Amino acid sequence: MLYMNQEMLSQILILVLLFVTNIRFFFITNAKDDSLSVLPTIALIASIVSICIFGVSEFQIILFLLTFFTFIWNFRALLRLMSNLVIDRYGIAFKLISSVNLIFTVFVAFLFVYFRPAKLSEKKLNVKTEKTYFTGNFKEGFKEQKQFKVQNLVLQKKYCEERLSATRKIVLFIPPKTAPIDFYSHTINRLAHDGYEVYSAEFFTNDVKWFKGVKNLRPYRHLEFRRLKYKDFETYKKIYSYNKKIFMQEYEALITLSNPDENDFVLLLGDEDLCNSMKTVRQENNLVDYTFDLSKLSASYKTKGYGPVENTYPFLAYLLKIETDRTCYLSNHFAKEIERVCNKILPPEAPGAEVPDAESQDLSEASE
């Protein structure tokens, strides 16, 4: 069965609307009542809403352009419908352009199926997900907010209730600015299934501006960071170095929201921490035990700083010239390595734990 998340479902809806729009001249012989001409408008609105909710991505851009072009070509038909003007039949030019649009729609649908992400089943893993929404900023703090109001922070907690231990094993994960949390969903679910409480968060506070103008808008930010990392890595590194304090504040806020005590095991998890913010937080916060940077884990991780996109976003993997993989090998490998090292450094009082080496500094070093 084809795996579907909410973003994929919205894209299917748009593709269905475009397909019906562009094929309608085949099965409607009397064009006097062209009520289906409203479908391109609905598709365009759905595409814009999808971008606002899930953000701009490489595939979303392709789908939006196709939707926009279809809307433009059908705009006159919509005006005729609204003005109660009628025609006897569709013109040759309309049929030709609709046929071209139909071919592109089928092609985009093929890309959608071919580059689908690996299947994810939280139900089989018995993983529970809790999401909490907050408004606020780093200076004034964060307070809980309703889901459909302005959100500056979305906190996601995943765990398997049956496998939680007396000593909490807490993983605090903040993805790189190039990727949403969903790019790491398989790794997070595996950790949660194996008894870890995994807290993940993305921050969109009004007191932090990464770029000027449209590039700083929430839906566009991930794509701009990906473009910058790919085209101008030195500038990308400078942004990280210059804003180290912000990255530290994000982890500090996540520590506060997860509410650990001194007896809990707390791990900071990141991917390509270019400014060493996790290590600095660990040095300054006694509640943090260790850190793990996924980018230092394995030479087989070829999309460092983007996430295991060959599992979770195959279309981006293709653009990066990386072979796609639906077996979730890399995502599961991440989880196994994190757990392997954690089992060596957990406090002695934890069942089955080993005493850590005195020279151990953090998990990213221990895993190399």
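Predicted, not measured: the structure shown is a model, and the values here were computed from it.
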Practice task
Taking all non-hydrogen atoms of both residues into account, name the closest pair between P40 and T67 and its distance.
Solution key: O-CG2, 4.5 Å

Practice task
Decide whether F54 and L13 are clustered together by the hydrophobic rule: side chain heavy atoms of Ile, Leu, Val, Met, Phe, Trp, Tyr closer than 4.5 Å, transitively.
Solution key: no

Exercise for the section: Flag this pair as yes if the NZ/CZ of K169 is under 6.0 angstrom from the six-membered ring centre of Y196 and inside a 45 degree cone about the axis; otherwise no. Expected result: yes

Practice task
Give a yes or no on whether V214 and L223 share a hydrophobic cluster (residues Ile, Leu, Val, Met, Phe, Trp, Tyr; joining criterion: side-chain heavy atoms under 4.5 Å apart).
Solution key: no

Fill in the blank from the handout: So salt bridge (charged side-chain N to carboxylate O under 4.0 Å, His left out) across residues 230-257, not counting sequence neighbours, yields K177-E250

Exercise for the section: Using a 4.5 Å cut-off on heavy atoms from C-beta on, say whether the side chain of R116 contacts that of R326. Expected result: yes

Problem - Any F233 side-chain heavy atom under 4.5 Å of L274 side chain - result: yes

Practice task
Give a yes or no on whether E262 atom CD has more than 12 heavy-atom contacts from other residues, nucleotides or ligands under 6.0 Å away.
Solution key: no

Problem - Parallel, tilted or perpendicular, as decided by the 30° and 60° cut-offs, for the rings of F59 and F112 - result: tilted

Practice task
Step by step, work out the side chain to side chain contact (heavy atoms under 4.5 Å, CB included) result for V309 and F315.
Solution key: CA-CA 8 Å; V309 292; F315 188 67; over 6 Å; no

Problem - Interatomic distance, L18 atom CG to I23 atom CD1 [nearest 0.5 angstrom] - result: 12.5 Å

Exercise for the section: Report the relative orientation of the aromatic rings in F138 and F142; use parallel for angles under 30°, tilted for 30 to 60°, perpendicular for over 60°. Expected result: perpendicular

Problem - Plane angle bin for F71 and F75 - parallel if under 30°, tilted between 30 and 60°, otherwise perpendicular - result: tilted

Practice task
For residues K158 and I188, report the shortest heavy-atom separation together with the two atoms involved.
Solution key: CD-CG2, 3.8 Å

Problem - Ring centre gap for Y306 and F183 strictly below 6.0 Å - result: no

Exercise for the section: Please tell me if the side chains of I103 and F107 come closer than 4.5 Å, counting only heavy atoms from C-beta onward. Expected result: no

Problem - Expected output: side-chain T178 to main-chain G305 donor-acceptor under 3.5 Å - result: yes

Problem - Pairs where residues 194-207 contributes a residue and the test salt bridge (charged side-chain N to carboxylate O under 4.0 Å, His left out) is met, not counting sequence neighbours - result: K157-E197, R163-D194, R168-E197, R190-D194

Completion exercise
Sorted by chain and residue number, the side-chain contact (heavy atoms from CB on, under 4.5 Å) partners of P260 (sequence neighbours excluded) come out as I170, I255, S258, D264, V266, L287

Exercise for the section: Measure from the side-chain N and O atoms of S47 to the backbone N and O of L44, and report whether any donor-acceptor pair falls under 3.5 Å. Expected result: no

Practice task
Under the ring pair (Phe, Tyr, Trp, His ring centres under 6.0 Å) rule, collect the residues that match up with H193, sequence neighbours excluded.
Solution key: none

Practice task
Would you mind reporting whether T205 and L153 have side-chain heavy atoms less than 4.5 Å apart?
Solution key: no

Practice task
Mind listing the closest non-hydrogen atom pair of P176 and D271 along with its distance?
Solution key: CB-O, 3.7 Å

Exercise for the section: Might you confirm whether atom CZ of F68 has over 12 heavy atoms from other residues, nucleotides or ligands at distances under 6.0 Å? Expected result: no

Exercise for the section: Mind checking the CG-OH spacing from N126 to Y159? Nearest 0.5 Å is all I need. Expected result: 10.5 Å

Fill in the blank from the handout: Here the gap from D289 atom CG to R282 atom CZ, rounded to the nearest 0.5 Å, amounts to 8.0 Å

Problem - Donor-acceptor side-chain pairing of Q11 and S50 below 3.5 angstrom - result: no

Handout entry: T135 OG1 to N152 CG distance, which is reported to the nearest 0.5 Å
Key = 4.0 Å

Problem - Check: T280 side chain, N276 main-chain N or O, donor-acceptor pair, under 3.5 Å - result: yes

Exercise for the section: State, with a plain yes or no, whether a side-chain heavy atom of L164 is found less than 4.5 Å away from one of C160. Expected result: no

Completion exercise
Cluster membership besides L96, Ile/Leu/Val/Met/Phe/Trp/Tyr side chains within less than 4.5 angstrom, sorted by chain and number, is none

Exercise for the section: Please check if atom OH in Y318 has more than 12 non-hydrogen atoms from other residues, nucleotides or ligands closer than 6.0 Å. Expected result: no

Practice task
Working to the nearest 0.5 Å, report the span between CG of L254 and OG of S200.
Solution key: 7.5 Å

Exercise for the section: Tell me, please, which residues at least two apart from K302 pass side-chain contact (heavy atoms from CB on, under 4.5 Å). Expected result: I322

Exercise for the section: Return yes when atom CG of N286 has more than 12 non-hydrogen atoms of other residues, nucleotides or ligands closer than 6.0 Å, and no otherwise. Expected result: no

Handout entry: OH/Y329: more than 12 non-hydrogen atoms of other groups inside 6.0 Å
Key = no

Handout entry: Closest heavy-atom pair and its distance - P117, T312
Key = CB-O, 3.5 Å

Exercise for the section: Mind telling me whether F247 and W210 have parallel, tilted or perpendicular rings, with 30° and 60° as the class edges? Expected result: tilted

Handout entry: Centroid-centroid under 6.0 Å between F173 and Y199 rings
Key = no

Practice task
Please report the closest heavy-atom contact between N22 and S98, naming both atoms and the distance.
Solution key: CB-O, 3.5 Å

Handout entry: Six-ring centre of F134, K143 cation under 6.0 angstrom, axis tolerance 45°
Key = no

Practice task
For D293 and E272, indicate whether the former's side chain and the latter's backbone hold a donor-acceptor pair under 3.5 Å.
Solution key: yes

Handout entry: Donor-acceptor side-chain pairing of N74 and S37 below 3.5 angstrom
Key = no

Practice task
Please confirm whether the backbone N or O of S185 pairs with a side-chain atom of N189, one donor and one acceptor, at under 3.5 Å?
Solution key: yes

Problem - Backbone N/O of A179 and side chain of Y184: donor-acceptor pair under 3.5 Å - result: no

Practice task
State plainly whether the residues R221 and E224 are in salt-bridge range, i.e. N to O under 4.0 Å.
Solution key: no

Practice task
Give a yes or no on whether the ring-centroid distance for Y301 and F334 is below 6.0 angstrom.
Solution key: yes

Practice task
Would you name the heavy atoms of L228 and I239 that are closest together and state the gap between them?
Solution key: CD2-CD1, 3.3 Å

Problem - Shared hydrophobic cluster, V16 / F104 (ILVMFWY, side-chain heavy atoms < 4.5 Å) - result: yes

Problem - Sub-4.5 Å side-chain heavy-atom contact between M278 and F292 - result: no

Handout entry: Residue from T187, L268, V198 passing side-chain contact (heavy atoms from CB on, under 4.5 Å) with V171
Key = V198

Exercise for the section: Indicate if I51 and L217 have the same hydrophobic cluster label, given that clusters are the connected sets of ILVMFWY residues with side-chain heavy-atom separations under 4.5 angstrom. Expected result: no

Completion exercise
Rounded to the nearest 0.5 Å, the CG atom of L125 sits from the NE2 atom of H186 at a distance of 10.0 Å

Problem - Any T291 side-chain heavy atom under 4.5 Å of V281 side chain - result: no

Practice task
Give a yes or no on whether V100 and I14 share a hydrophobic cluster (residues Ile, Leu, Val, Met, Phe, Trp, Tyr; joining criterion: side-chain heavy atoms under 4.5 Å apart).
Solution key: yes

Exercise for the section: For atom CZ of F211, decide whether the heavy atoms of other residues, nucleotides or ligands shown that lie under 6.0 angstrom number more than 12. Expected result: yes

Exercise for the section: Decide yes or no for T327 and N332: does some side-chain heavy atom of the first lie under 4.5 Å from some side-chain heavy atom of the second? Expected result: no

Practice task
Ignoring hydrogens and angles, state whether a donor on the side chain of S331 or N311 is under 3.5 Å from an acceptor on the partner side chain.
Solution key: yes

Handout entry: Pair Y313-E58, side-chain donor/acceptor within less than 3.5 Å
Key = yes

Handout entry: E323, CD: over 12 other non-hydrogen atoms inside 6.0 angstrom
Key = no

